[in-house]
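One structure is given below, encoded as structure tokens.
For clarity, every value in this text was computed on a predicted model and none was experimentally measured.
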Amino acid sequence: MKKEDEKRELALIRKAKRGDVKAFSALYAQIYTELYKFALYTLRHPQDAEDAVSETVMAAYENITKLKSETAFRSWIFTILANQCRKKFRGREKGDELTEELAQPEADHAQNLDVRAAFGTLNEEERMIVSFSVFGGYKSKEIGEILQLGSATVRSKKNRALEKMRCVLEQKGE
């Protein structure tokens, strides 16, 4: 992010912390695509992803005054999103499955790509780590802080996840 963009974002965060709804909306508009991509690739269902992002935004809006460091806004909101995604996973594990109608993802040209299939072979934690890295652009240390893991652990899990994807892609290419 450029210096002047960072300054604008920090000003919006300060205004949002003071209760400025328009400032919060502007912040949300800047980060929505990243949040949605993260949720979609983590949860693999468009409706679940939309729900997780909506719940994240509501929680962030309600709690923005608790944000300690304005420079940590992005990692803070992604932490909230990661927690929302975890809740969705726990709900699925308890039998709160999607109906057949919702289980079918919306028409998405990327669905047919081998990369998406390879990504789908990853477990929840691996998908989160790869998503934070690829879609969020976060470094191992930042991902570790969000997921409460050591940065070396994040690096090794990311490498194993990427290797797992590579193996799947090589098999499809044969």
Side-chain angles (χ1 to χ4, degrees), residues 1-89 105-106 108-111 113 115-116 118-119 122 124-159 161-162 165:
M1 191 182 293
K2 295 178 185 175
K3 272 286 193 214
E4 68 182 47
D5 291 337
E6 285 178 25
K7 286 180 183 178
R8 268 193 233 114
E9 185 172 277
L10 287 173
L12 287 173
I13 293 166
R14 285 186 200 103
K15 287 180 181 179
K17 284 182 76 171
R18 290 191 301 264
D20 186 328
V21 177
K22 287 182 181 178
F24 187 84
S25 294
L27 284 170
Y28 171 66
Q30 288 177 358
I31 199 168
Y32 171 79
T33 302
E34 293 172 52
L35 293 171
Y36 181 73
K37 282 181 182 178
F38 175 86
L40 181 61
Y41 277 89
T42 300
L43 297 169
R44 298 186 302 179
H45 294 285
Q47 190 61 50
D48 279 353
E50 289 172 17
D51 291 347
V53 171
S54 294
E55 291 161 11
T56 296
V57 171
M58 288 189 314
Y61 179 73
E62 291 169 359
N63 294 295
I64 190 129
T65 57
K66 296 176 185 174
L67 176 64
K68 291 181 178 112
S69 171
E70 291 154 0
T71 58
F73 174 76
R74 285 178 178 263
S75 89
W76 175 74
I77 200 164
F78 269 99
T79 300
I80 295 170
L81 180 59
N83 290 332
Q84 292 297 334
C85 290
R86 283 190 189 111
K87 284 181 189 175
K88 295 274 181 210
F89 276 114
E106 295 171 11
D108 182 359
H109 299 293
Q111 180 180 10
L113 295 177
V115 173
R116 187 168 178 153
F119 192 82
L122 304 179
E124 171 191 353
E125 186 177 59
E126 291 168 334
R127 284 197 305 267
M128 284 189 168
I129 289 170
V130 172
S131 292
F132 273 127
S133 177
V134 174
F135 303 119
Y138 289 95
K139 305 284 184 232
S140 296
K141 181 180 179 201
E142 296 166 315
I143 296 169
E145 289 170 4
I146 293 168
L147 298 178
Q148 298 176 347
L149 298 169
S151 57
T153 302
V154 169
R155 281 191 298 277
S156 82
K157 288 182 181 233
K158 177 183 167 190
N159 287 337
L162 293 174
M165 288 179 68

Could you give the distance from [atom1] ([X]) to [atom2] ([Y]), rounded to the nearest 0.5 Å?
| X | Y | atom1 | atom2 | answer |
| --- | --- | --- | --- | --- |
| W76 | I64 | CH2 | CD1 | 4.5 Å |
| Q47 | K88 | CD | NZ | 8.5 Å |
| I146 | M128 | CD1 | CE | 10.5 Å |
| Y41 | R127 | OH | CZ | 12.5 Å |
| Q30 | L12 | CD | CG | 6.0 Å |
| Q84 | D51 | CD | CG | 10.0 Å |

What heavy-atom pair brings [X] and [Y] nearest, and what distance separates the two atoms?
| X | Y | value |
| --- | --- | --- |
| I80 | A59 | CG2-CB, 4.0 Å |
| C85 | L43 | O-CD2, 3.7 Å |
| S151 | S140 | O-CB, 3.7 Å |

Only one of E142, E9, E6 clears salt bridge (Lys or Arg N to Asp or Glu O under 4.0 Å) with R74; which?
->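 The single option meeting the salt bridge (Lys or Arg N to Asp or Glu O under 4.0 Å) with R74 is E9.
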Mind checking whether F38 and F78 have parallel, tilted or perpendicular rings, split at 30° and 60°?
->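 Rings of F38 and F78: perpendicular, as their planes differ by over 60°.
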Parallel, tilted or perpendicular: which describes the rings of Y28 and Y32, with under 30° parallel and over 60° perpendicular?
-> perpendicular
Which residue, T42, L81, L147, forms the side-chain contact (heavy atoms from CB on, under 4.5 Å) with R86?
-> L147
Could you check V154, I143, I129 and say which one makes a side-chain contact (heavy atoms from CB on, under 4.5 Å) with Y138?
->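 Of the listed options, the one satisfying the test is I143.
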With side-chain contact (heavy atoms from CB on, under 4.5 Å) as the test, would you mind laying out the steps for L27 and I31 before giving the verdict?
-> CA-CA 7 Å; L27 284 170; I31 199 168; 5.9 Å; no
Qualifying side chain to side chain donor-acceptor pair (under 3.5 Å) pairs, either residue in residues 12-27, two or more places apart =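 Every pair satisfying side chain to side chain donor-acceptor pair (under 3.5 Å) with a residue in residues 12-27: R14-E70.
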Please name all residues satisfying side chain to side chain donor-acceptor pair (under 3.5 Å) with S133, sequence neighbours left out, ordered by chain then number.
-> K158
With S156 via side chain to side chain donor-acceptor pair (under 3.5 Å) - residues at least two apart |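 With sequence neighbours excluded, S156 shows a side chain to side chain donor-acceptor pair (under 3.5 Å) to R160, given in chain and number order.
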Could you go step by step and tell me if K157 and E126 meet the salt bridge (charged side-chain N to carboxylate O under 4.0 Å, His left out) rule?
-> CA-CA 7 Å; K157 288 182 181 233; E126 291 168 334; over 6 Å; no
Under 3.5 Å, is there a donor-acceptor pair between the side chain of T153 and the main chain of L149?
->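 A pair under 3.5 Å: no.
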